[in-house]
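All remarks here apply to the structure that follows.
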Amino acid sequence: DGGITQSPKYLFRKEGQNVTLSCEQNLNHDAMYWYRQDPGQGLRLIYYSQIVNDFQKGDIAEGYSVSREKKESFPLTVTSAQKNPTAFYLCASTLRVGLYNEQFFGPGTRLTVL
Amino acid sequence: SQQGEEDPQALSIQEGENATMNCSYKTSINNLQWYRQNSGRGLVHLILIRSNEREKHSGRLRVTLDTSKKSSSLLITASRAADTASYFCATDAGTGFQKLVFGTGTRLLVSP
């Protein structure tokens, strides 16, 4: 089965703690993305990566960090510097080559800060 | 930043009726895409329309694009209760690397 997996589905964090959200894909896609979604809102881009060992900040990167050591994996760390981290986090991937590609999304991780 | 604004924010219809959602955007685009999201789930791609296309069909879906007005519409015909979801438009400026900018979404409720 090809696709994108995210874990965990639900995550609870105490204030001041860092947490890491997992995103894995077996679609052989070069490009991967992390989005944040707040209730009733659209998606906002946190970070994206075009290829292994390369990534760029999106529109709301403050308080987040990523790594891209393997093509299949793009973990997101929500640090204690993120002031309002409670949200739904979505990972996506797409082919890098070509101008008309859709993005494939994982099922999401809902993070709640207690 | 969210480039797209969708209208209406919420839409409630009966099964069998048609549902129309509109999306407006601000800058030039290479293509516009529509995605569907069931509650608490990831997004699923529905249809992509290129900037040089005016209309596209896929099953019960019909998408139009008016680049002069910077707007698009998604029509779902003969709606079903299973169509209940949020629908998002996303624009791609075509700068060489895909970076989608999503709209705020329309929540569609289809009642049996």
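Only this structure's heavy atoms are used, side chains among them; waters, hydrogens and symmetry mates stay out. Numbered from 1 within each chain, the chains take letters A, B, ... in sequence-line order.
Within a 6.0 Å sphere centred on CZ of Arg80(B), other residues, nucleotides and ligands contribute 12 heavy atoms or fewer. More than 12 heavy atoms of other residues, nucleotides or ligands sit less than 6.0 Å from atom CD of Gln14(B). Within 6.0 Å of CD on Glu55(B) lie more than 12 heavy atoms contributed by other residues, nucleotides or ligands. For CZ of Arg41(B), the number of neighbouring non-hydrogen atoms (other residues, nucleotides, ligands) closer than 6.0 Å is 12 at most. Around the CD atom of Glu17(B), the shell of radius 6.0 Å holds more than 12 heavy atoms that belong to other residues, nucleotides or ligands.
The shortest non-hydrogen separation linking Phe88(B) to Gln37(A) is CZ-NE2, 3.5 Å. Closest non-hydrogen pair, Gln98(B) versus Tyr33(A), comes out as O-OH, 2.6 Å.
Heavy-atom distances place both the backbone and the side chain of Asn30(B) under 4.5 Å from chain A. Neither the backbone nor the side chain of Phe104(A) comes within contact range of chain B; no heavy atoms are under 4.5 Å apart. Heavy atoms of Phe88(A) lying under 4.5 Å from chain B belong exclusively to its side chain.
In this structure, Leu45(A) and Phe102(B) have side chains that are not in contact, with every pair of non-hydrogen atoms separated by 4.5 Å or more. Leu43(A) places a side-chain heavy atom less than 4.5 Å from the side chain of Leu43(B). For the pair Gln33(B) and Gln103(A), the minimum side-chain heavy-atom distance is 4.5 Å or more.
When Tyr48(A), Phe105(A), Tyr100(A) are compared by the number of non-hydrogen pairs under 4.5 Å with chain B, Tyr100(A) comes out ahead.
Under the 4.5 Å side-chain contact rule for hydrophobic residues, Ile29(B) and Val63(B) share a cluster. Clustering ILVMFWY residues whenever any of their side-chain heavy atoms sit less than 4.5 angstrom apart, transitively, puts Leu95(A) in a cluster other than the one holding Met32(A).
Atom CD of Glu102(A) sits about 11.5 Å away from atom CD1 of Ile47(B), to the nearest 0.5 Å. Rounded to the nearest 0.5 Å, atoms CD (Gln37(B)) and CG (Leu90(A)) are 6.0 Å apart.
Applying the 4.5 Å side-chain rule to ILVMFWY residues, one finds Tyr10(A), Leu114(A) in the same cluster as Phe12(A).
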